[in-house]
Colleague: 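Right, I'll just put the structure down here and ask away after.
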There are 2 protein chains.
Amino acid sequence: MSSKNSETRNKILKACVHLLETSQGKEVRMTDIARHAGISRQALYLHFATRAELLIATTHYVDELLESEKRLAASRTAETGIQRLDAYIEAWGSYIPEVYGIAGALLAMKDTDEAAAKAWNERMEDMREGCEAAINALQNDKTLSPAYSPDEATDILWTMLSIRNWELLCIERGWSQKKYLENLKSLARRAFLAS
Amino acid sequence: MSSKNSETRNKILKACVHLLETSQGKEVRMTDIARHAGISRQALYLHFATRAELLIATTHYVDELLESEKRLAASRTAETGIQRLDAYIEAWGSYIPEVYGIAGALLAMKDTDEAAAKAWNERMEDMREGCEAAINALQNDKTLSPAYSPDEATDILWTMLSIRNWELLCIERGWSQKKYLENLKSLARRAFLAS
DNA sequence: CATTAACTTGACACCGTGTCAATTGACATG
DNA sequence: CATGTCAATTGACACGGTGTCAAGTTAATG
């Protein structure tokens, strides 16, 4: 459970990311991760107490790699509410495919594992704040449709942008990433802008 | 594996429904179902070869109880496209909370179990047909926004109405069923109607 | 009375997670 | 050089859940 970055710890995380990304759907077992990292299964437990902990660490790991914070925060600099809404959808929507594998694993554990649920909920809470900020920006511009309170609008935007929705459109229905982004931006405008 | 309705088969299905409905989130084990049905665990396997098969049978069972077909088909009688859209959202949206428990169980098995995935996909396909019919009705009325092809609009409506979205709004965000239905109807209008 | 079908009990195999103990090998420090 | 320590290894094992198998019980039916 070394808290620092050790050589093997990184090997493990790297292997975990790779497996989650490639083996879409199929289970990713501790054994698989170990083999792929070139170490023994037991050595995993020297670094991560449980599978859940490993998965959570993996999300942090990729977030660092992707500089997620930075990219998501960028939308905050947009001038108008509409631009901000667009920028947030663009940023978050581009983030999804890069974390989809890991998110899926975490999501699957959510129901059975306390720690995984917590990690996931924190993430969703962060995302919701981004939505809230975008909606508030609309509100300040007086461009938010009077049909919605900011809270309601936030809930809806947050739901629209869920990873599961991305999954339905881009995986199940085969939409391209470009089509997804364009459609979601346009949908959000239709939904939230005062006409 | 008796294909007919036997006494105990129904007891099992009833127990299964009850457990899935009440024990939200917690696992529902074969043992639990057996105990709750008042029979031995092994007797379950006399009626259903696998857990997946039992769950699938359970969905059919509740569908029969709820007369889902009938209720969902009702929207087809609406006159205008808009009414039809509303009616479908009303029907499907009211159906969700009643099958939420079972759906969750099936959804969770989707990734690991072939049969469960198939059962789920069939269901989603049916639902998509309902969406398609509503969108086509709009199209025929020339009230579908030119921004969308019927296919795109169908995909989006289908996504909007996903059980996971209902879950996010009604479970996670605590929306009432009434609020959910109203908001989804209004959202769909904003999204799909030509302005 | 004998047969048959539905159930029961109890044991067991398989898998995946997590634990434990004993061992090895590298490397640092006195 | 001896010692200790740290990371990793091997191998065994417990636990929980699904699914299988075999033998025995019970009740209905001819």
Side-chain angles (χ1 to χ4, degrees), chain A residues 1-16 19-20 23 25-58 102 104-119, chain B residues 1-16 19-20 23 25-58 102 104-119:
Chain A
M1 234 134 348
S2 59
S3 50
K4 294 249 130 208
N5 359 345
S6 81
E7 187 66 16
T8 41
R9 184 188 157 93
N10 278 350
K11 271 202 301 188
I12 294 169
L13 292 170
K14 224 173 130 187
C16 192
L19 284 176
L20 288 170
S23 64
K26 290 153 219 151
E27 297 275 324
V28 174
R29 288 170 289 266
M30 294 301 263
T31 311
D32 303 328
I33 301 168
R35 193 173 44 233
H36 209 268
I39 62 172
S40 67
R41 188 175 72 90
Q42 284 65 11
L44 289 185
Y45 291 97
L46 260 35
H47 294 268
F48 307 95
T50 67
R51 190 174 115 96
E53 194 176 288
L54 168 53
L55 289 178
I56 292 166
T58 305
I102 296 103
L106 220 53
L107 215 32
M109 299 201 66
K110 192 175 171 268
D111 299 318
T112 57
D113 190 284
E114 194 54 41
K118 192 168 163 244
Chain B
M1 228 131 355
S2 59
S3 51
K4 296 248 131 211
N5 357 344
S6 83
E7 188 66 17
T8 40
R9 184 189 157 92
N10 278 349
K11 271 202 300 188
I12 294 169
L13 292 170
K14 224 173 130 188
C16 192
L19 284 177
L20 287 170
S23 64
K26 290 153 219 151
E27 297 275 324
V28 174
R29 289 168 288 265
M30 294 300 264
T31 311
D32 302 328
I33 301 169
R35 193 172 46 233
H36 209 266
I39 63 172
S40 67
R41 188 175 73 89
Q42 283 65 10
L44 289 186
Y45 291 96
L46 261 33
H47 295 267
F48 307 94
T50 66
R51 190 174 115 95
E53 195 176 287
L54 168 52
L55 290 178
I56 292 167
T58 305
I102 296 102
L106 220 54
L107 215 33
M109 299 202 65
K110 191 177 174 265
D111 298 319
T112 57
D113 189 285
E114 194 54 39
K118 189 166 165 247

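FYI, side chains are in, hydrogens and waters are out, and symmetry mates aren't considered; it's all heavy atoms of this structure. Per chain, numbering begins at 1; letters A, B, ... match sequence-line order.
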Colleague: Nearest-Å distance, CD1 (A:Ile12) to P (D:dA7)?
Modeller: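 After rounding, the gap between these two atoms is 12 Å.
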Colleague: Rounded to whole Å, how long is the line connecting atom CZ of A:Arg9 with atom P of D:dC6?
Modeller: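 Whole-Å distance recorded here is 18 Å.
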Colleague: Give the rounded distance in Å between these two atoms: CD of A:Glu53 and P of C:dT17.
Modeller: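 Value for this atom pair: 15 Å.
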Colleague: Give the rounded distance in Å between these two atoms: CZ of B:Arg35 and P of C:dC7.
Modeller: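 In whole Å, C:dC7 P and B:Arg35 CZ are 19 Å from each other.
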Colleague: Could you tell me the separation between the CD atom of A:Glu114 and the OG1 atom of A:Thr50, rounded to the nearest 0.5 Å?
Modeller: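 Result: 12.0 Å between the selected atoms.
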Colleague: I want to check one thing: is the phosphate of D:dA7, taken as OP1 and OP2, less than 4.0 Å away from some side-chain N or O of A:Ser6?
Modeller: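 Looking at the OP1 and OP2 atoms of D:dA7, neither is under 4.0 Å from any side-chain N or O of A:Ser6.
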Colleague: In this structure, which one of B:Leu106, B:Ile102, B:Asp113 forms a side-chain contact (heavy atoms from CB on, under 4.5 Å) with B:Leu55?
Modeller: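 Answer to the side-chain contact (heavy atoms from CB on, under 4.5 Å) test with B:Leu55 among B:Leu106, B:Ile102, B:Asp113: B:Leu106.
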Colleague: Hey, could you give me the NE2/CZ distance between B:His47 and B:Arg9, rounded to the nearest 0.5 Å?
Modeller: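 Separation between the atoms: 8.5 Å.
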Colleague: So, does B:His47 get its side chain near the phosphate of C:dC7, meaning an N or O under 4.0 Å from OP1 or OP2?
Modeller: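 Checking B:His47 against C:dC7: at least one side-chain N or O falls below 4.0 Å of OP1 or OP2.
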Colleague: Could you check if a side-chain atom of A:Lys110 sits within less than 4.5 angstrom of a side-chain atom of A:Leu107, using non-hydrogen atoms only?
Modeller: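 Yes, close enough: below the 4.5 Å cut-off.
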Colleague: Nearest 0.5 Å, please: how far is CE in B:Met109 from OG1 in B:Thr112?
Modeller: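 Atom-to-atom, B:Thr112:OG1 and B:Met109:CE are 5.0 Å apart.
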Colleague: Assign a letter to each nucleotide of nucleotides 18-26 of chain D from its 5' end: B, base within under 4.0 Å of a protein heavy atom; S, sugar-phosphate only; -, no contact.
Modeller: BBBB-----
Colleague: Does a side-chain heavy-atom distance below 4.5 Å link A:Thr58 with A:Phe48?
Modeller: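 Side-chain contact under 4.5 Å: no.
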Colleague: Rounded to the Å, how far apart are B:Glu7 CD and D:dA27 P?
Modeller: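 Nearest whole value for this atom pair: 16 Å.
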